[in-house]
Protein chains: 2
Amino acid sequence: MGALADPLRLAIVGVLSRGEHCVCDIRAELPVAENLLSYHLRVLREAKLLTATRQGRWVYYRLDPDGFAALWAALAAAGVPLPGEAVATGRAGRSCAEGEVAP
Amino acid sequence: MGALADPLRLAIVGVLSRGEHCVCDIRAELPVAENLLSYHLRVLREAKLLTATRQGRWVYYRLDPDGFAALWAALAAAGVPLPGEAVATGRAGRSCAEGEVAP
DNA sequence: CGCTAGGTTCAAGTATGCTTGAAGCAAGAT
DNA sequence: ATCTTGCTTCAAGCATACTTGAACCTAGCG
């Protein structure tokens, strides 16, 4: 998680969600320093959300379906209500106020 | 986003995913300073992921379904592949290497 | 080979966010 | 009113992450 917490990285994912792109094309859509883009691409790569392949002089990035699947699985395991899931809003067992404020 | 990027906040959401809890009960499940818990609860509250209601001396927190719905909607709008969605891995139009390395 | 273009990495400064301790506020108990 | 409990807020220290500039590496070209 946290890899999607940066607006630039979210924008990168947005570009790549339309298909594979090389760094120079990403940079054409996102006006940002080459350094910075490389840094954020690395963060996303280390988060397993992106994969990179070199072709000649260019490096092509694409989204990693397995990484996103793992992300959603981890969130689900942590108890985060994913889209389409019901959100529990009822009262759970309480220990600190046991029977003090009976409804 | 980013509100779910902290392990403690993720744990808080996990506890609240089982239903409404007061702060002292959350604290009973997560060994953390009262200050710190209050801080992270505020972050989640300001992210619209939690709602708080005071009842007597206790403050009860619960997940906010609308907030989570808005979060997933925002991610979808940004192009993030949500669970169950296909991930585009094909080639998109390229401008920098137009026709140079024809497959 | 030397040279250039596309990307990456390194080391620095700055900003952001987390953590801690003390003070503050509200509501019930005395 | 005074005290205690449950929780929040404030201010300061510390850690982390972002940003910038320079050096570096690889692939292709002359």
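Residue numbers begin at 1 in each chain, while the letters A, B, ... track the order of the sequences.
- The interatomic distance linking B:E34 (CD) with D:dT5 (P) rounds to 12 Å, in whole Å.
- B:M1 has its CE atom 20 Å from the P atom of C:dT16, to the nearest Å.
- The interatomic distance linking A:Y60 (OH) with D:dA27 (P) rounds to 15 Å, in whole Å.
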Practice problem: Would you mind building the protein contact string for nucleotides 10-24 of chain D? One character per nucleotide, 5' to 3', B for base within reach (heavy atoms under 4.0 Å), S for sugar-phosphate only, - for untouched. | Solution: -------SBBSBB--

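- Set against C:dA27, C:dG7, C:dT9, the side chain of B:R57 has C:dA27 as its closest nucleotide.
- Rounded to the nearest 0.5 Å, atoms OG (B:S17) and CD1 (B:I12) are 12.0 Å apart.
- The salt bridge (Lys or Arg N to Asp or Glu O under 4.0 Å) check on A:R54 picks up nothing, with sequence neighbours excluded.
- Checking the phosphate oxygens (OP1, OP2) of C:dT8, a side-chain nitrogen or oxygen of A:Y61 falls inside 4.0 Å.
- Separating the CZ atom of B:R54 from the C1' atom of D:dC7 is a distance of 7 Å, rounded to the nearest angstrom.
- One atom, CD of A:Q55, and another, C1' of D:dG28, lie 15 Å apart when rounded to the nearest Å.
- Straight-line distance from the CZ atom of B:R45 to the P atom of D:dT8: 6 Å, rounded to whole Å.
- Whole-Å rounding puts the A:E46 CD to C:dT8 P distance at 12 Å.
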Output side-chain donor-acceptor pairs under 3.5 Å for residues 28-41 of chain A, partner residues at least two apart or in another chain, one line each.
from  : atom 1 : to    : atom 2 : distance (Å)
A:E29 : OE1    : A:R18 : NH2    : 2.8
A:E29 : OE2    : A:R18 : NH2    : 2.9
A:H40 : ND1    : A:R9  : NH1    : 3.1

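- Qualifying salt bridge (Lys or Arg N to Asp or Glu O under 4.0 Å) partners for B:R45, counting only residues two or more places apart in sequence or in other chains: none.
- Between A:L37 atom CG and C:dG6 atom P the separation is 14 Å, expressed in whole Å.
- Considering only residues two or more places apart in sequence or on other chains, B:R62 meets the side chain to side chain donor-acceptor pair (under 3.5 Å) condition with B:E20.
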Let me check something: any side-chain donor-acceptor pairs from residues 75-90 of chain B under 3.5 Å, sequence neighbours excluded? List them with distances.
from  : atom 1 : to    : atom 2 : distance (Å)
B:E85 : OE1    : B:L82 : N      : 3.3

